[in-house]
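Notes follow once the structure below has been shown.
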Number of protein chains: 2
Amino acid sequence: MEVTVIPNHTCHGVFAALLCPGHRPRNAAATRTAILDAARERFAAESYDDVGMRDIARDVGVDAALISRYFGSKDDLFLAALDSCTDGSTLMSGDKADFGLRVANEIVFEPKTAEKLKGMAIMLRSIGSTKAAEIVQTTCSARFFNPLEEWISGPDAPVRARLLAGFIMGMSVSRELGGGGFNMDLADCEKMRDRLAPILQGLIDG
Amino acid sequence: MEVTVIPNHTCHGVFAALLCPGHRPRNAAATRTAILDAARERFAAESYDDVGMRDIARDVGVDAALISRYFGSKDDLFLAALDSCTDGSTLMSGDKADFGLRVANEIVFEPKTAEKLKGMAIMLRSIGSTKAAEIVQTTCSARFFNPLEEWISGPDAPVRARLLAGFIMGMSVSRELGGGGFNMDLADCEKMRDRLAPILQGLIDG
DNA sequence: CGGTCATGTCAACGCATGGTGACTTATCGT
DNA sequence: ACGATAAGTCACCATGCGTTGACATGACCG
């Protein structure tokens, strides 16, 4: 029996978007950034190995082959997604005097999908995968470790930077291990923040 | 053209092990533990997704099918490997007064394959994999978080335990991101230890 | 020595993945 | 209005995975 296959969208023209909801007008640049956005979101939520090209393609509403065309290999896409994140410098944009409190607040209270920490979320998700490890290590050094080390710029800056980075990442991992949250009530979260802030600040001050 | 396939080992008898190096006498219990050891080692070095049943089988010198026979699914093997690790209680076996220094020393100077931290290495490697996440979370709570929380047993024990666990794991992650080490000379490593120890100790003392 | 059962191997299945080239279709300049 | 070309889709490939059931074989018991 012959079945008539209905293509995804037969509508066209300038009103296509109105007549046919979900229709994406043909626009390479827009599609490219849509893919990049979806990839960033996926890689922040799942590990390199768990994210499939077809998953990202489905999120965007596009064929997986198009991703390969635009970004090359999966490695290239992963790197592009990581590069498209706001880097660690946003953590260092404010005043040094209240760095500890600012960061502690973000770690404890901001949802894990906070834009500022999305790059770190991606790195933590895929740090275990050997295929992504090299990219993660390189990016982390270039966009997080080194700027932090330069920014704090006191005695033993490398040591203090490594401790800071480790603590920040560790709290993210800890939250992840708790199943996406710290599983504590508000009062305990505040206590955690109040204990964490001076520790971080102490590493900043020297 | 017919080729004669030589089986792995045609030797037999009580002297087989002597006559035929690499020969493993048939012993279910010994083979089982050999598989478990190999799995533990693999899972500590690579993520859940990167470790293949055939890899472990090759390490042991056994067919992959045998692993399925002994342990069931890959999940079951992963859980068994994790359970076979010395748990976090070894960190708490000593005196509370020098916990900070002891742990800081282990974190900074012990090789990442240290037996005491192997369980944590496995968890960190596979925390990103959705297929292993649930097992990791459950095991981590049961064998690390909860004992630690109970052991420190002061005011705000949950908060302090989470911070401690986060810091310890974070330093492990940080070392991993550095490419398997902190990339610092001995003097800096000692400085790191000397800064880390009092922070950990402070969380123990309350 | 010979049978027997546990122990281990082999070949294959079904599935999912990343990637590729040929094809279709919408868009835009003329 | 129409053809050229960019934009997107489709079918497919090679590969690797975990797992299974049928088969081989070595160690032990009588």
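Chain letters run A, B, ... following the sequence lines, proteins first, then strands; residues in each count from 1. Here the structure is a predicted model, which means the values were calculated and not measured.
Spacing between atom NZ of K131(A) and atom P of dT17(C) amounts to 12 Å, rounded to whole angstrom units. As a whole-Å value, the separation of I35(A) CD1 from dT9(D) P is 9 Å. The separation between L77(B) atom CG and dC17(D) atom C1' is 15 Å, rounded to whole Å. One atom, CG of D50(B), and another, P of dT17(C), lie 16 Å apart when rounded to the nearest Å. Protein atom CZ of F71(A) is 12 Å distant from nucleotide atom P of dG8(D), rounded to whole Å. Rounded to a whole Å, the CZ atom of R32(B) is 17 Å from the P atom of dA6(C). For R26(A) and dA7(D), the CZ to P distance is 9 Å, given to the nearest whole Å. Between I56(B) atom CD1 and dG18(D) atom P there is a gap of 8 Å when expressed in whole angstrom units.
Salt bridge annotation for E41(A)-K118(A): present, with a cationic side-chain nitrogen under 4.0 angstrom from a carboxylate oxygen. Salt-bridge formation is detected for the pair R58(B)/D55(B): a Lys NZ or Arg NE/NH1/NH2 atom is positioned less than 4.0 Å from an Asp or Glu carboxylate oxygen. Between R125(B) and D50(B) no salt bridge is recorded (no basic side-chain N to carboxylate O distance below 4.0 Å). We find that R102(B) and E106(B) are not joined by a salt bridge, their nearest charged nitrogen and carboxylate oxygen being 4.0 Å or further apart. At a threshold of 4.0 Å, the pair K131(A)-D75(A) does not count as salt-bridged, since none of the basic side-chain nitrogens sits closer than that to a carboxylate oxygen. Note on D156(B) versus R160(B): no salt bridge recorded, every NZ/NE/NH1/NH2 to OD/OE distance being 4.0 Å or above. Under a 4.0 Å N-O distance rule, the pair D63(B)/R54(B) does not qualify as a salt bridge.
Of the residues in residues 62-70 of chain B, those placing a heavy atom less than 4.0 Å from an atom of DNA chain D are A65(B), S68(B), R69(B), in numerical order.
The nearest heavy atom of DNA chain C to K74(A) and to N27(B) marks one nucleotide each, and the one closer to the 5' end goes with N27(B).
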Below 3.5 Å is the cut-off: list the nitrogen or oxygen pairs between protein and nucleotides 1-5 of chain D, distance only.
none

Distances for protein N/O vs nucleotides 12-16 of chain C N/O pairs under 3.5 angstrom?
none

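Counting any heavy atom pair closer than 4.0 Å across all strands shown, V60(A) reaches no nucleic acid atom.
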Inset, instruction - Would you please test R162(A) and D188(B) for side-chain contact (heavy atoms from CB on, under 4.5 Å) and show each step? - result: CA-CA 11 Å; R162(A) 265 158 239 264; D188(B) 276 344; over 6 Å; no
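Across every non-hydrogen atom of M123(B) and V136(B), the tightest pair is CB-CG1, 3.8 Å.
Residue T31(B) places no side-chain N or O under 4.0 Å from the OP1 or OP2 atom of dT7(C).
A heavy-atom distance below 4.5 Å is found between the side chains of L91(B) and F144(B).
Figure legend: K74(B) and Y48(B) shown as a cation-pi pair, the cationic atom lying under 6.0 angstrom from the six-membered ring centre and within 45 degrees of its axis.
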